[in-house]
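Please read the structure below before turning to the comments.
Small disclaimer: the values here were computed from a predicted structure and weren't measured. Whatever order the structure lists ligands and atoms in, that order sets their numbers, starting from 1.
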Amino acid sequence: MAEAVRRITAVDIAKRKNGERIVALTAYHAHTAGIVDRYCDFILVGDSLGMVMHGLETTVPVTLDMMILQGRAVMRGSKRALVVVDMPFGSYEENPEQAFRNGARVLKETGAGAIKLEGGKHMAETVAFLVRRGVPVMGHVGLTPQAVNTMGGFRVQGHGEEGQKLLEDDARTIADAGAFAIVMEGIVEPVARAVTQSIAAPTIGIGASPACDGQILVLEDMLGLSDWTPKFVKKFGALRDQIEAAVSAYADEVRAGTFPGPEHVYEPKKR
Ligand code: KIV
């Protein structure tokens, strides 16, 4: 009989502060989740799916139903890694009750082990409310893409003394409120290091230097599938070129009549 696999929990991730580095990637589909699951400690069903899968310009239009649909797919495709589902813009900011109602819906309807929400100090009360009621929360500070319209674009955070202080306050209050880990996105190196050294929760960097307790990237970016590569991304693959070559070879063969070949054709049964 196959051995039962125990899923990594939010508590396991929290215990990794100052320990073995935490490895994470995003996934939105069952098949990619199945691969990521074998190598990562947690899989984020990020609201970046709006931009990556749906061609939206920002994550702002992403809905709770979109997140739940892909969260279920990722849960079906994985068995070992903790699955964290992003709360989309507008689904948690109003008050702690709204956040609990929608966070509970995500956990119930996907089976995921945690949710992630963006925001610093102003979200601390909500984080504490959720955690006290059984919803594990991952924080997300620094460059928070859902705030693109108030930030005036996707801007690296933590510049200057004031920027550093704001970020330190944000991360500390979210950690003190009970977040089991905090994504730090687009943050200058010395600030990412100072925050990581000063808070109890593990920090997960994306464009925030190697000083963090772990790293996350958007899968399609590191596979070389996205058409734009930010500075902080290393391409570990060249999937865009490989897909293009495969699609072009398929089109050529169909046009030339060489695909399907005899080996792809069904023969009638011999009587
Ligand atoms: O939505 C997402 O993919 C994210 C990562 C960039 C951390 O929040």
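Judged by the shortest distance from any of its heavy atoms, E118 lies outside the 4.0 Å radius around the atoms of ligand 1.
Put simply, the side chain of E220 reaches to within 4.5 Å of the side chain of T26, judged on heavy atoms. The shortest distance between side-chain heavy atoms of E118 and E185 does not fall below 4.5 Å.
Residue contacts with ligand 1: D47 is placed with a nitrogen or oxygen under 3.5 Å of a nitrogen or oxygen of the ligand (distance criterion only). For K116, a nitrogen or oxygen atom sits less than 3.5 Å from a nitrogen or oxygen atom of ligand 1, counting backbone and side chain alike.
The H140 neighbourhood of ligand 1 comprises atoms 8 (O), with distances under 4.0 Å to a heavy atom of that residue. Within ligand 1, counting atoms from 1 as listed, the ones closer than 4.0 Å to a heavy atom of T26 are 3 (O). Each of the following atoms of ligand 1 lies closer than 4.0 Å to a heavy atom of S48: 1 (O), 2 (C), 3 (O). Counting atoms of ligand 1 from 1 in the listed order, those under 4.0 Å from a heavy atom of G46 are 1 (O), 2 (C), 3 (O).
The nearest protein atom to atom 5 (C) of ligand 1, hydrogens excluded, is given as L44 CD2, 3.7 Å; this is a heavy-atom distance.
Of the residues T203, D213, N18, the one that meets the side chain to side chain donor-acceptor pair (under 3.5 Å) test with T196 is T203.
F259 and H264 have tilted rings, their planes meeting at an angle from 30° to 60° on a 0 to 90° scale.
Heavy atoms of D86 found under 4.0 angstrom from ligand 1 belong exclusively to the side chain. Contact annotation: for I206 versus ligand 1, heavy atoms closer than 4.0 Å belong to the side chain alone.
Side chain of K79 to main chain of D37: no donor-acceptor pair is present (N/O by atom type, distance under 3.5 Å, no hydrogens or angles).
The residues E189 and R193 are annotated as salt-bridged, a charged nitrogen and a carboxylate oxygen being separated by less than 4.0 angstrom.
Side-chain polar atoms of D176 and T173 form no donor-acceptor pair below 3.5 angstrom.
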